[in-house]
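This report concerns only the one structure given below.
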Amino acid sequence: MSTLKHIKKAKSNDSSTHLRGILCSVFQDCSRSSSAMVSIPELNVGQKLNEGKTKQIFELVDQPGLVLVQSKDQITAGNDAREDQTEGKAAVANRTTSCVFQLLHESGVKTAFVKQYSDTAFIAAHCEMIPIKWVCRRVATRSFLKRNPGVKEGYRFSPLKMEMFFKDDANDDLQWSEEQLLEAKFCLAGLTVGQCEVDIMNHSTVAIFEILEKAWATQNCTLVDMKIEFGVNVKTQEIVLADVIDSDSWRLWPAGDRSQQKDKQVYRDLKEVTPEARNFEWVSERVKLLLQSQASSRVVVLMGSTSDMAHCEKIRKACTSYGITCVLRVTSAHRSPDETLRIKAEYESDGVPTVFVAVAGRSNGLGPVMSGNTVYPVINCPPLTPDWGAQDVWSSLRMPSGLGCSTVLSPEAAAQFAAQIFGLSDHLVWCKLRASMLNTWVSLKLADEKLQTCSL
């Protein structure tokens, strides 16, 4: 496959020359520091399908339904009012996008991203793009203040402020209302964008922002605002997050301090780029940390008998989906209380945050005994049977005073409850929970839309 070349000559003025000199050294250093990708398989790259300000889209001849997204060494602002070539910028942008999409994919958000292919390109599902920028804001700043005089800098939106802009460089991307979007009746890949699709994109934007906001908070960095785009997958006709998410897509303020901004706003503000242009490098270095858990977690399932194994396996499977380690043990609080307390002490001694799940039918002694002897959370999840289940459950519900174990009948729900506990300190678990909420909402929305369509 021939090498894809996309470097153009920069504007021949002093400001552009100074800009290239500063940023090139930054991006070259950052590119050299990245690990080389070994044995990259050759791709049969076909025709160029599209080209934007900072990327090119190529078809993959041998992989129908997939495309290659090739980043460009170009940085722009003001709808191309300002434009510069910066060697190495493509690698930094691609690495940032790949990490962000990996985080979202692993959380459970549907995206077009498939995998990173090289330092400057990634493979994605072929989408027909919806020409709308979805902007989500946590803090009021810049353009929002100009369009809304009287609102003070730093005003915090809770809930998040949503806006949409029609992509039109000639008219500086005019802000649109939801009604304008509906009246446009965009039809892409056979899907007409109606109220259902608008609602899905709206809810998805909020969830995606909250996931990235939670992740950046682990680096003591405020996600101020963000713009994203959606596309329609040409094979599945699903609406998915597409395009890229990199330092051109958001505003980041370390410690909530605007003077430390780490995004393209610096490029917009400065007439001549100074060492503060290292913002992109700062982001590319730290975005990898968003994929790392900041806390350990563990669920220990105690079953009264191996006859409860199927019930416990459901708990373990659900825990695994949240990225939580799950250990199964067999013990009886009635018949071997000393062994039950020994097992408890074993998991209390290593300092790993732990939630105990007690699985015991008939008379549940495990949950109350554990709860009375540990400060760790205890969840009762009794495997109820049709014959005596209504009576047996009371041994899990009626607790002596001073015991705080909860009771959750569904094994999957018990795992979810444990995940919600760990999600308070582990952003990766929290992100999976938030994506699961979104996917449940979308499934219900689509089911209702299908039912209404069939009823017409």
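Minimum heavy-atom separation, Ala121 to Asn94: N-ND2, 3.3 Å. Between Ala414 and Ile379, the shortest heavy-atom contact is O-CD1, 3.8 Å. Closest approach of Lys262 and Pro254 over heavy atoms only: CG-CG, 3.5 Å. Closest approach of Asp73 and Ala90 over heavy atoms only: OD1-N, 2.8 Å. The minimum heavy-atom distance between Glu128 and Ala189, with the atom names listed, is OE1-N, 2.8 Å. Residues Leu289 and Gln219 come closest through the heavy atom pair CD1-OE1, 3.3 Å.
In this structure, Ser204 contributes its side chain and Ile200 its backbone to a donor-acceptor pair below 3.5 Å. The backbone N or O of Asp168 sits less than 3.5 Å from a side-chain atom of Asp173, completing a donor-acceptor pair. Side-chain atoms of Ser436 never come within 3.5 Å of backbone atoms of Lys432 as a donor-acceptor pair (strictly under, hydrogens ignored). A side-chain donor-acceptor contact under 3.5 Å links Gln294 to the backbone of Gln292. With hydrogens and angles ignored, the 3.5 Å screen pairs no side-chain donor or acceptor of Asp246 with any backbone N or O of Thr97. Judged by distance alone, the side chain of Asn439 and the main-chain N or O of Gly108 form a donor-acceptor pair under 3.5 Å. Judged by distance alone, the side chain of Ser98 and the main-chain N or O of Arg95 form no donor-acceptor pair under 3.5 Å.
Here the straight-line distance linking atom CG of Leu68 with atom CD1 of Ile123 works out to 6.5 Å at 0.5 Å rounding. The distance from the CD1 atom of Ile208 to the CE atom of Met201 is 11.5 Å, given to the nearest 0.5 Å. Atoms SG and CD, on Cys127 and Glu238 in that order, are 10.0 Å from each other to the nearest 0.5 Å. From Lys55, atom NZ reaches atom CD1 of Ile57 across 6.0 Å, with rounding to the nearest 0.5 Å. Interatomic distance, Leu302 CG to Cys381 SG, rounded to the nearest 0.5 Å: 12.5 Å. Atom CG of Leu66 is separated from atom CG of Leu43 by 9.5 Å, given to the nearest 0.5 angstrom.
At a cut-off of 3.5 Å, with distance as the only test, a side-chain donor of Thr120 or Gln70 sits close to an acceptor on the other residue.
Annotation: ring-ring contact (aromatic ring centres under 6.0 Å, His included) contacts involving residues 163-187, sequence neighbours excluded, comprise Phe166-Trp176. Among pairs with a residue in residues 208-218, those fulfilling side chain to side chain donor-acceptor pair (under 3.5 Å) read Arg138-Glu213, Glu210-Arg434, at least two apart in sequence or across chains. Counting only residues at least two apart or on different chains, the ring-ring contact (aromatic ring centres under 6.0 Å, His included) pairs with a member in residues 404-447 are His203-Trp441.
Under a cut-off of 6.0 angstrom, the local environment of NZ in Lys344 is crowded, with over 12 non-hydrogen atoms contributed by other residues, nucleotides or ligands. When the shell of 6.0 Å around NE2 of His105 is examined, it contains 12 or fewer heavy atoms from other residues, nucleotides or ligands.
The closest side-chain heavy-atom distance from Val45 to Val61 is not below 4.5 Å. You'll find the side chain of Cys99 stays beyond 4.5 Å of the side chain of Leu290, heavy atoms only. Counting only heavy atoms from C-beta outward, the side chains of Gln420 and Leu433 approach each other to under 4.5 Å. Val69 has its side chain out of reach of Ser71: every pair of non-hydrogen atoms, C-beta onward, lies at least 4.5 Å apart. Two residues are said to be in side-chain contact when any heavy atoms from C-beta on lie closer than 4.5 Å; Leu241 and Phe101 meet this criterion. Considering only heavy atoms from C-beta on, Met164 stays 4.5 Å or farther from Thr205 through its side chain. Using a 4.5 Å cut-off on side-chain heavy atoms (C-beta onward), Met129 and Lys167 make no contact. Counting only heavy atoms from C-beta outward, the side chains of Pro353 and Ser296 approach each other to under 4.5 Å.
Residues passing the salt bridge (Lys or Arg N to Asp or Glu O under 4.0 Å) test with Asp257: none are found, sequence neighbours excluded. By the ring pair (Phe, Tyr, Trp, His ring centres under 6.0 Å) test, Tyr322 is found to be paired with no residue, residues two or more places apart in sequence or in another chain being considered.
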Can you check side-chain contact (heavy atoms from CB on, under 4.5 Å) on Val100 and Trp250, steps first, answer last? CA-CA 12 Å; Val100 170; Trp250 52 32; 3.7 Å; yes
For side-chain contact (heavy atoms from CB on, under 4.5 Å), just list the numbers for Leu223 and Val139, CA-CA rounded to whole Å, side-chain angles, deciding distance to a tenth of an Å, and then say yes or no. CA-CA 8 Å; Leu223 181 59; Val139 180; over 6 Å; no
Decide yes or no on side-chain contact (heavy atoms from CB on, under 4.5 Å) for Lys72 and Glu51, but give the supporting numbers first. CA-CA 10 Å; Lys72 298 161 63 176; Glu51 182 169 4; 2.9 Å; yes
Check the pair Val193, Val198 against side-chain contact (heavy atoms from CB on, under 4.5 Å), reporting the backbone distance first and the verdict last. CA-CA 7 Å; Val193 177; Val198 171; 4.0 Å; yes
Let me see the working for Gln416 and Glu412 under side-chain hydrogen bond (donor to acceptor under 3.5 Å, both in side chains), right down to the final yes or no. CA-CA 6 Å; Gln416 180 180 346; Glu412 292 81 8; over 6 Å; no
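Between Phe230 and Trp134, the two ring planes are perpendicular [angle over 60°; tilted spans 30° to 60°].
Checked for salt-bridge contact, Asp350 and Arg298 meet the test: a charged N lies under 4.0 Å from a carboxylate O. For the pair Lys53 and Asp169, the salt-bridge criterion is met [side-chain N within less than 4.0 Å of a carboxylate O]. The existence of a salt bridge linking Lys227 and Asp243 is excluded, since no basic side-chain nitrogen approaches an acidic carboxylate oxygen closer than 4.0 Å.
With respect to Gln195, the side-chain hydrogen bond (donor to acceptor under 3.5 Å, both in side chains) criterion is satisfied by exactly one of Lys445, Glu178, Glu449: Glu178. Considering Ile239, Leu446, Leu182 as possible partners of Glu197, the one that fulfils the side chain to side chain contact (heavy atoms under 4.5 Å, CB included) test is Ile239. When each of Arg137, Gln175, Glu163 is paired with Ser143, the side chain to side chain contact (heavy atoms under 4.5 Å, CB included) condition holds for Arg137 and for no other.
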For residues 149-161, please give each side-chain donor-acceptor pair under 3.5 Å, one per line with the distance, not counting sequence neighbours.
residue: Glu153; atom: OE1; partner: Arg258; partner atom: NH1; Å: 3.0
residue: Glu153; atom: OE2; partner: Thr141; partner atom: OG1; Å: 2.7
residue: Glu153; atom: OE2; partner: Arg258; partner atom: NH1; Å: 3.4

